[in-house]
Amino acid sequence: MLPGKAAGCTGLATDISDKILSEPLKHSDFFNVKELFSVRSLFDARVHLGHKAGCRHRFMEPYIFGSRLGQDIIDLEQTAAHLQLALNFTAHVAYRKGIILFVSRNRQFSHLIETTARNCGEYAHTRYFKGGLLTNAPLLLGPMVCLPDLIIFLHTLNNVFEPHVAVRDAAKMHIPTVGIVDTNCNPCLITYPIPGNDDSPPSIHLFCRLFQTTINRAKQKRRQMEALYRLQGPEGLGAGVQGSAASPSLGA
Amino acid sequence: MARSRLETVGSVFSRTRDLIRAGVLNEKPLWFDIYNAFPPLREPVFRRPRLRYGKAKAAIQDILYPEDRIRAKFYSAYGSGQKAFDLFNPNFKSTCQQFVEKYIELQKLGETDEEKLFVETGKALLAAGVILRRVGEARTQKEGSHVSWESEPTGVKPQTVLEKNQPLQEVPQDQHLETSEEQPKGLSPP
């Protein structure tokens, strides 16, 4: 999917595309995702509320701060760290024009998730997930189908409180995943888990807003970078380096 | 594109990296460089969830505050607060919360005896206009009202109607007495 390999005509085109792709990886927070949320905003959106202690999954224990009168409270410091990594990864994938798929099987928020995906220009699947959708894609979807490059789970469990099939299938098909894991979910197979509440409306609204903003920001950054390098053209790949060093500080 | 569908073996990243190294996978996937630059805090390796047996327990602590002692005493003495909790308002203070804050204020002024503090906080809140009804008082009030209610119908209504009405009246009275006794018992443990 690298545009450099697709073009192949001039060495200059590959240079520019390599520069465009490699430049963001040098900065720790190229898209400045840290400013989009804070521990206080997570608390106000009730992200720290987990299920009761009896529903707890064993592998979620490291992410739980404690239990207040039987209800698990998720450690928001860890959540903030995980969320920053996950949003950063999503932004980079969107910057490289990757296909992102939002998956959730919670009917309460399926409309919200579909509108979020439409606003980003990405895809969503909030209906019944057919068995071989990822593993047997050529048969179910058609011969030349590109699988998603990133799957974002807003609810890792399906309607019978079992792990969603897509978690295991994405691991099988080498697709990285980002997912919001509640205290009753299994975070093992998810590449970038975000421990947090997936049942309250304010919490899911916050996460949808965050994903939408990051993806839009990343795509806008990509357009800016391409415009910048096209303007610079053949003269200044050296000047381009200085120019691009200035652009991240402008933010988006 | 070559893949190894073994999700239980290593992480997505380790399998892709080894396939590339072996030369089976020719193109680097889109996310590979990004994962390399920004790896997650824990590598997403599969683990089998095993149950805990015997006396092994999770290492998760209960969250308790020193104010919880005051709250426990409040609820055992006064039962559930008369004012309903308004959860729409983020700065809402319930009767119990006001009690706790007053108690801590008086404690800072220098008092040490717990019972004295308790009584004084109660008086301060009553003076401020907050209604506090003790659990014991509620019980006696309800029993008294039922006693007076019992005598009236039997005196007024004729005998033929009495024979039908008495079993009907006895049952709801018993239920009322039982519920009034159960309510304070149910509310006292915090």
Side-chain angles (χ1 to χ4, degrees), chain A residues 1-2 5 21-22 24-29 44 53 56-59 61-62 64-73 78 81-82 84-86 88-93 95-99 135 147 149-150 167-178 186-193, chain B residues 1-20 24-53 56-65 68 71-72 75 87-88 90-91 189-190:
Chain A
M1 266 203 81
L2 297 170
K5 289 201 177 162
L21 291 176
S22 63
L25 296 177
K26 293 175 194 162
H27 306 262
S28 67
D29 196 3
D44 289 330
R56 195 192 299 152
H57 198 279
R58 186 157 173 184
F59 297 148
E61 278 158 19
I64 293 175
F65 180 73
S67 114
R68 172 68 173 166
L69 301 177
Q71 185 177 10
D72 286 335
I73 306 293
Q78 291 189 51
H82 281 90
Q84 200 259 319
L85 280 172
N88 189 37
F89 188 83
T90 325
H92 281 278
V93 171
Y95 179 86
R96 291 173 173 230
K97 299 189 184 168
I99 302 172
T135 45
L147 289 180
D149 298 299
L150 173 68
V167 174
R168 194 203 57 182
D169 282 356
K172 277 186 186 282
M173 305 307 283
H174 295 208
I175 301 171
T177 45
V178 163
N186 186 351
C188 283
L189 283 176
I190 297 173
T191 329
Y192 291 89
Chain B
M1 190 178 134
R3 291 185 186 97
S4 78
R5 298 184 176 194
L6 302 165
E7 82 272 15
T8 48
V9 170
S11 68
V12 191
F13 176 70
S14 67
R15 273 178 279 141
T16 333
R17 185 198 57 206
D18 294 337
L19 284 174
I20 293 172
V24 178
L25 195 56
N26 300 317
E27 269 187 26
K28 243 197 292 186
L30 198 84
W31 52 270
F32 194 81
D33 291 320
I34 315 171
Y35 189 111
N36 240 335
F38 309 109
L41 295 172
R42 173 197 169 259
E43 210 187 339
V45 185
F46 177 78
R47 279 160 71 194
R48 262 188 214 290
R50 298 237 178 254
L51 286 174
R52 286 202 157 91
Y53 294 104
K57 273 195 189 158
I60 292 183
Q61 49 181 355
D62 278 332
I63 300 174
L64 294 167
Y65 299 98
D68 285 345
R71 288 187 189 123
Y75 283 122
L87 295 175
F88 285 116
N91 302 324

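Lettering of chains follows the sequences in order, A, B, ..., and the numbering in each one begins at 1. Every value quoted in this text rests on a predicted model; they were computed, and no experiment measured them.
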Hey, are the side chains of A:Tyr95 and B:Ile34 touching, using non-hydrogen atoms and a 4.5 Å cut-off? no
Less than 4.5 Å apart, side chain to side chain, heavy atoms only: is that true for A:His174 and B:Leu19? yes
Where does A:Leu150 contact chain B at under 4.5 Å (heavy atoms): side chain, backbone, both or neither? neither
Could you look at A:Pro187 and say if it's the side chain, the backbone, both or neither that has a heavy atom under 4.5 Å from chain B? backbone
Using modelled atom types and a 3.5 Å cut-off, is there a donor and acceptor pairing between side-chain atoms of [X] and backbone atoms of [Y]?
{"X": "B:Arg42", "Y": "A:Cys188", "answer": "yes"}
{"X": "A:Arg58", "Y": "B:Pro49", "answer": "no"}
{"X": "B:Arg5", "Y": "A:Thr135", "answer": "yes"}

Among B:Ala59, B:Pro39, B:Ser11, B:Pro29, who wins on heavy-atom pairs under 4.5 Å with chain A? B:Pro39
Yes or no on side chain to side chain contact (heavy atoms under 4.5 Å, CB included) for B:Glu7 and A:Leu189, after CA distance, side-chain angles and deciding distance? CA-CA 8 Å; B:Glu7 82 272 15; A:Leu189 283 176; 4.2 Å; yes
Please determine whether a side-chain nitrogen of the Lys or Arg among A:Arg96 and B:Asp33 lies less than 4.0 Å from a carboxylate oxygen of the Asp or Glu. yes
List the atom of B:Pro44, the atom of A:Ile190, and the distance in Å for their closest heavy-atom pair. CB-O, 3.6 Å
Mind checking the [atom1]-[atom2] spacing from [X] to [Y]? Nearest 0.5 Å is all I need.
{"X": "A:Arg68", "Y": "B:Asp62", "atom1": "CZ", "atom2": "CG", "result": "9.0 Å"}
{"X": "B:Trp31", "Y": "A:Thr90", "atom1": "CH2", "atom2": "OG1", "result": "14.5 Å"}
{"X": "B:Thr8", "Y": "A:Lys172", "atom1": "OG1", "atom2": "NZ", "result": "7.5 Å"}

Which region of [X], side chain (C-beta onward) or backbone (N, CA, C, O), has a non-hydrogen atom less than 4.5 Å from a non-hydrogen atom of chain A, or is it both or neither?
{"X": "B:Tyr35", "answer": "both"}
{"X": "B:Leu64", "answer": "both"}
{"X": "B:Thr16", "answer": "both"}
{"X": "B:Ser4", "answer": "both"}
{"X": "B:Pro90", "answer": "neither"}

Please determine whether salt bridge (Lys or Arg N to Asp or Glu O under 4.0 Å) holds for the pair A:Glu61 and B:Lys57, giving the CA-CA distance in whole Å, both sets of side-chain angles, and the decisive distance to 0.1 Å. CA-CA 11 Å; A:Glu61 278 158 19; B:Lys57 273 195 189 158; over 6 Å; no
Going through the distances and angles, do B:Ile63 and A:Phe65 end up as a side chain to side chain contact (heavy atoms under 4.5 Å, CB included)? CA-CA 9 Å; B:Ile63 300 174; A:Phe65 180 73; 3.9 Å; yes
Heavy-atom count around B:Arg52 CZ within 6.0 Å, excluding the residue itself: above 12? yes
With a 4.5 Å cut-off on heavy-atom pairs, point out which of A:Ala171, A:Ala86, A:Pro24 contacts chain B the most. A:Ala171
Please step through side chain to side chain contact (heavy atoms under 4.5 Å, CB included) for the pair A:Leu25 and B:Phe38, ending with a clear verdict. CA-CA 8 Å; A:Leu25 296 177; B:Phe38 309 109; 3.9 Å; yes
Which is it for B:Val12 and A:Met173 under the side chain to side chain contact (heavy atoms under 4.5 Å, CB included) test, yes or no, and what are the steps along the way? CA-CA 8 Å; B:Val12 191; A:Met173 305 307 283; over 6 Å; no
